[in-house]
Number of protein chains: 2
Amino acid sequence: MGKLSTRDRIIEAAYTLFSEKGYHGTSTREIAKAASVSEVTLFRNFGSKELLFEKVLKNKSIIPDLLAATKDVEQYNLNDVLLSLAKRFYYTMVSKKKFIMITFSEINQYSEKIIDIYEKFITQIDELFVKILLKYKDDNTNSDLKTIAMAFRGMIFDLFLTNEIFLRKNIEKTKINNILSSYVKIILNSINK
Amino acid sequence: MGKLSTRDRIIEAAYTLFSEKGYHGTSTREIAKAASVSEVTLFRNFGSKELLFEKVLKNKSIIPDLLAATKDVEQYNLNDVLLSLAKRFYYTMVSKKKFIMITFSEINQYSEKIIDIYEKFITQIDELFVKILLKYKDDNTNSDLKTIAMAFRGMIFDLFLTNEIFLRKNIEKTKINNILSSYVKIILNSINK
DNA sequence: GATTAAAGTAAGTGGTTACTTACTTTATGG
DNA sequence: CCATAAAGTAAGTAACCACTTACTTTAATC
């Protein structure tokens with residue numbers, strides 16, 4: 001990895017510390033130390049702790065990653081498409097765990113910004129799933145695809161929360177993939193009789 | 001409602017404030033003011049802010065409510081049993097929203113205690129669902145009931161998170177019940193071919 | 001009416017926090 | 001070599017924090 005600018009080192013340090021100890025639990029002194037800069041440099045660069053926090057949120061947002069991860073899914077059957085998307089969705093969240101931790105800790109303090117993030121997050125995933133289910137749907141079923149999409153996203157999101165945030169069990173990747181595969185089958189059973 | 005003791009007034013005030021502003025974001029002065037007691041009384045009763053926090057967690061835990069809510073489900077078909085349980089699960093979480101908010105905010109700060117809570121929470125619900133699915137399962141299917149139970153809990157938990165914590169949309173109860181009903185059908189499709 | 005327990009008031013402790021000011025060092029590039 | 005920009009150092013601000021001490025008030029009980 002290349003050397004980071006002073007600014008980026010501060011953002012990285014703040015990102016990690018905010019995710020581990022929350023906004024109020026982290027002091028600017030700690031952040032400066034972790035970034036190997038003086039506290040004065042931190043304030044010269046960002047003005048205040050709050051503005052730094054906002055830059056961290058912007059800089060580390062999961063939304064661009066999510067957009068990238070759900071592009072270009074080209075497979076021939078619904079099972080493969082859904083499984084592929086489920087994995088991408090899941091592992092994108094894993095790679096953005098710190099960001100999700102921050103939004104959890106600060107959902108009340110910064111509710112506007114964070115609600116906005118989750119709104120994008122949820123509608124984007126749901127719409128994508130609906131679009132895909134529509135393509136493959138049996139014509140003689142009238143299942144509510146939006147509800148099925150919500151259910152699918154919910155299972156996967158909960159799997160992530162349970163393993164990565166709440167219980168931290170470090171489950172093997174193959175086991176995760178098997179569960180995701182089962183979840184796909186549950187969905188498939190719902191749209192094809 | 002009857003008058004609360006000094007101790008209980010402090011716990012109530014702390015419960016609300018911790019859920020709104022987090023542990024570090026709430027001062028003992030604020031808590032005392034909200035409880036209409038002097039700060040000295042707070043410290044005389046609980047010793048320290050941290051001990052008060054622990055009492056709040058203990059006093060307001062969702063676990064006993066969850067145990068109570070999932071007892072005595074007597075219905076004649078699986079659809080009704082699952083729907084009834086899904087509703088109880090969902091609305092218990094709604095009634096304990098503040099508690100869940102606190103665990104979210106402080107999951108890193110008090111990880112041991114909170115992981116313990118979620119471990120109980122998750123295993124309890126999953127085991128209950130598995131037990132019920134087993135009773136009604138078609139003998140000729142070999143679906144993995146534990147995975148199906150996880151999926152079911154996941155959908156419902158995510159529905160709660162999305163509506164109550166992340167988006168706060170105040171959706172009508174009938175709409176929630178319809179979604180829960182659809183979720184039950186998704187599960188039923190998975191265990192009966 | 002005296003005793004006792006639970007509350008309040010007032011004042012203050014030492015520590016930490018976000019943030020500032022003023023001055024100095026370091027490194028870069030013309 | 002000089003100008004400039006970005007960094008550091010040192011010291012300090014005012015506010016706030018959790019928590020304490022010492023003393024007083026209130027209210028219920030015997």
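Naming: A, B, ... by sequence-line order, numbering from 1 per chain. Every heavy atom of this structure was used, including side-chain atoms; hydrogens, water molecules and symmetry mates were not.
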### Summary
Nearest heavy-atom contact between B:Phe99 and B:Leu57 is CE1-O, 3.4 Å
### Task
Mind checking salt bridge (charged side-chain N to carboxylate O under 4.0 Å, His left out) for A:Lys96 and listing every partner two or more places apart, or none if nothing turns up?
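Residues passing salt bridge (charged side-chain N to carboxylate O under 4.0 Å, His left out) with A:Lys96: A:Asp65.
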### salt bridge (charged side-chain N to carboxylate O under 4.0 Å, His left out) partners of A:Glu106, counting only residues at least two apart
none
[N] [atom2] sits how many Å from [X] [atom1], rounded?
X: A:Asn45; N: D:dA6; atom1: CG; atom2: P; value: 9 Å
X: B:Arg44; N: D:dT26; atom1: CZ; atom2: C1'; value: 13 Å
X: B:Lys33; N: D:dC17; atom1: NZ; atom2: C1'; value: 17 Å
X: B:Leu51; N: D:dC19; atom1: CG; atom2: C1'; value: 13 Å
X: B:Ile31; N: D:dC17; atom1: CD1; atom2: C1'; value: 12 Å
X: A:Arg9; N: D:dA7; atom1: CZ; atom2: C1'; value: 10 Å
X: B:Phe53; N: D:dC17; atom1: CZ; atom2: C1'; value: 18 Å

### B:Ile132, B:Leu83, B:Val184, B:Ile187 screened by side-chain contact (heavy atoms from CB on, under 4.5 Å) with B:Leu78, the one that passes
B:Ile132
Side-chain donor/acceptor pairs under 3.5 Å, residues 36-45 of chain A, sequence neighbours excluded:
| from | atom 1 | to | atom 2 | distance (Å) |
| --- | --- | --- | --- | --- |
| A:Ser38 | OG | A:Thr41 | N | 3.3 |
| A:Ser38 | OG | A:Thr41 | OG1 | 3.1 |
| A:Glu39 | OE2 | A:Thr28 | OG1 | 2.8 |
| A:Asn45 | ND2 | A:Thr41 | O | 3.0 |

Just the table, please: protein N/O against nucleotides 15-20 of chain C N/O, every pair under 3.5 Å.
| from | atom 1 | to | atom 2 | distance (Å) |
| --- | --- | --- | --- | --- |
| C:dA18 | OP1 | A:Thr26 | O | 3.4 |
| C:dA18 | OP1 | A:Lys49 | NZ | 2.8 |
| C:dA18 | OP2 | A:Thr28 | N | 3.0 |
| C:dA18 | OP2 | A:Thr28 | OG1 | 3.0 |
| C:dC19 | OP2 | A:Lys49 | N | 2.6 |

### By ring pair (Phe, Tyr, Trp, His ring centres under 6.0 Å) - contacts of B:Phe18 (at least two apart)
B:Tyr23, B:Phe53
### Query
Got a minute to check which stems DNA chain D is part of, using Watson-Crick or G-U wobble pairs under 3.5 Å, three or more consecutive?
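Consecutive-pair runs (3 or more) involving DNA chain D: C:1-30 with D:1-30.
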### Task
Indicate yes or no for a side-chain donor-acceptor contact from A:Thr26 to the backbone of A:Leu17 under 3.5 Å, with no hydrogens or angles considered.
yes
### Query
Would you say C:dA7 has OP1 or OP2 under 4.0 Å from some side-chain N or O of B:Thr41?
no
### Query
Is any side-chain heavy atom of A:Leu85 less than 4.5 Å from a side-chain heavy atom of A:Phe152?
no
### Message
Once rounded to the nearest 0.5 Å, what's the spacing between atom CD1 of B:Ile11 and atom OG1 of B:Thr16?
### Response
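One finds 12.0 Å between CD1 of B:Ile11 and OG1 of B:Thr16.
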